[in-house]
Visitor: 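This is the structure I want to talk about, given as structure tokens.
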2 protein chains.
Amino acid sequence: MNIGEAARVSGVSAKMVRYYESIGLIRSVTRTQSGYRVYSDDDVHALRFIRRARSLGFSVDETSQLLALWHDKSRASADVKAFALKHVAELETKIAELQAMSRTLQHLASHCHGNDRPDCPILDDLADDSSRASR
Amino acid sequence: MNIGEAARVSGVSAKMVRYYESIGLIRSVTRTQSGYRVYSDDDVHALRFIRRARSLGFSVDETSQLLALWHDKSRASADVKAFALKHVAELETKIAELQAMSRTLQHLASHCHGNDRPDCPILDDLADDSSRASR
DNA sequence: CTTGACCTTCCTATGATGGGAAGGTTTAGA
DNA sequence: TCTAAACCTTCCCATCATAGGAAGGTCAAG
């Protein structure tokens with residue numbers, strides 16, 4: 001099948017399929033005489049795998065490692081589990097960072113009258129971050 | 001003061017100070033005869049404001065809008081509050097996305113034996129995402 | 001044989017940041 | 001007074017994953 005159909009059935013855009021090939025994430029598929037890429041069901045399967053891994057927040061590099069684990073029939077499930085849990089830890093770190101931002105902003109907003117007067121503790125905080133330490 | 005000192009006291013790298021100037025986030029400061037940038041306390045104040053806004057997850061563009069609100073002495077605090085709360089909503093959306101990823105991965109990992117056998121439900125899921133719908 | 005829907009490669013941009021090269025300036029010390 | 005170190009300047013490149021678009025070749029249906 002052509003790249004367009006492979007893109008459609010895998011959910012990965014044709015643009016990204018070419019990109020993934022260029023960086024070596026997927027193998028270079030065979031071509032027709034005229035140069036069109038030809039994809040097999042296995043290729044589409046790999047593309048779906050990639051799309052799913054990306055949707056779980058794995059980087060392209062990490063996805064590459066997951067593909068290697070997938071193809072390595074002799075790997076231990078412990079290796080895969082450790083890899084997944086390491087990513088979970090990174091996600092949790094990121095979540096905690098965003099929650100800290102959100103919490104701070106909500107706190108500031110709760111002290112802002114939100115009326116038509118100009119004085120606003122949110123901007124006051126941004127303008128003088130030493131206030132955070134002393135208050 | 002020179003850009004190096006301004007960077008040190010504001011917490012924004014000299015590299016970024018030049019970048020912020022190049023994109024118009026901060027004004028072009030005056031120069032010495034030899035071309036060195038010269039920063040005032042007000043300039044440093046603005047840089048601190050920017051650093052704090054960035055640390056709360058505002059984009060450079062949003063930071064620019066915050067700077068405008070800061071300098072607009074007649075704006076209503078309601079405008080600032082609405083702006084902040086919109087950002088909180090975006091943060092919460094992002095948090096929810098990451099939490100969904102984390103939850104899914106934790107769920108998969110909990111079903112993985114994590115031993116030296118090769119079979120692993122994590123990779124099975126990645127390899128066949130139709131399983132998610134049917135199970 | 002034409003037209004439209006494909007496909008190809010190549011270049012550009014995004015957002016925020018850092019690295020580094022090549023070269024000019026300033027300052028402190030010998 | 002000279003020199004070396006520590007500054008500064010601009011300019012280019014890289015990151016990461018993705019998209020847009022141009023210029024041109026191919027294929028299939030009418």
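Just so it is clear, the model here is predicted, and its values are computed rather than measured. Lettering of chains follows the sequences in order, A, B, ..., and the numbering in each one begins at 1.
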Visitor: Kindly compute the distance separating CG (N2(A)) from OH (Y36(A)), expressed to the nearest 0.5 Å.
Guide: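 N2(A) CG to Y36(A) OH: 7.0 Å, rounded to 0.5 Å.
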Visitor: Could you tell me whether the side chain of T104(B) and the main chain of A100(B) form a donor-acceptor pair under 3.5 Å?
Guide: yes
Visitor: Looking only at side-chain N and O atoms, does S34(A) come under 4.0 Å of OP1 or OP2 in dC27(D)?
Guide: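 Checking S34(A) against dC27(D): at least one side-chain N or O falls below 4.0 Å of OP1 or OP2.
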Visitor: For residues 105-120 of chain A, which side-chain N or O atoms pair as donor and acceptor with protein atoms under 3.5 Å away, sequence neighbours left out?
Guide:
residue : atom : partner : partner atom : Å
S110(A) : OG   : H107(A) : O            : 2.7
N115(A) : OD1  : R117(A) : N            : 2.9
N115(A) : OD1  : S77(B)  : OG           : 3.1

Visitor: Over all strands shown, is R37(A) touching base, sugar-phosphate only, or nothing at heavy-atom distances under 4.0 angstrom?
Guide: sugar-phosphate
Visitor: Does S13(B) make a side-chain N or O approach to OP1 or OP2 of dT17(C) shorter than 4.0 Å?
Guide: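 It does not, given that no N or O in the side chain of S13(B) lies less than 4.0 Å from OP1 or OP2 of dT17(C).
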Visitor: Using modelled atom types and a 3.5 Å cut-off, is there a donor and acceptor pairing between side-chain atoms of D43(B) and backbone atoms of S40(B)?
Guide: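 Such a contact is found between D43(B) side chain and S40(B) backbone.
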Visitor: Can you measure Y19(B) atom OH to dC13(D) atom P for me and round it to whole angstrom units?
Guide: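 Checked: the OH to P distance equals 18 Å.
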Visitor: Just to confirm, is there a sub-4.0 Å distance from OP1 or OP2 of dG15(C) to any side-chain nitrogen or oxygen of S59(B)?
Guide: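 It does not, given that no N or O in the side chain of S59(B) lies less than 4.0 Å from OP1 or OP2 of dG15(C).
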Visitor: Does the side chain of Y20(B) get closer than 4.0 angstrom to OP1 or OP2 of dT17(C) through an N or O atom?
Guide: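 Answer yes for this pair, as a side-chain N or O of Y20(B) is under 4.0 Å from OP1 or OP2.
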Visitor: For a quick check, tell me whether the side chain of Y36(A) and the base of dG25(D) share a donor-acceptor pair closer than 3.5 Å.
Guide: yes
Visitor: Which nucleotide in the set dT18(D), dT8(C), dC8(D) lies at the smallest distance from any side-chain heavy atom of I3(A)?
Guide: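 From the listed options, dT8(C) comes nearest.
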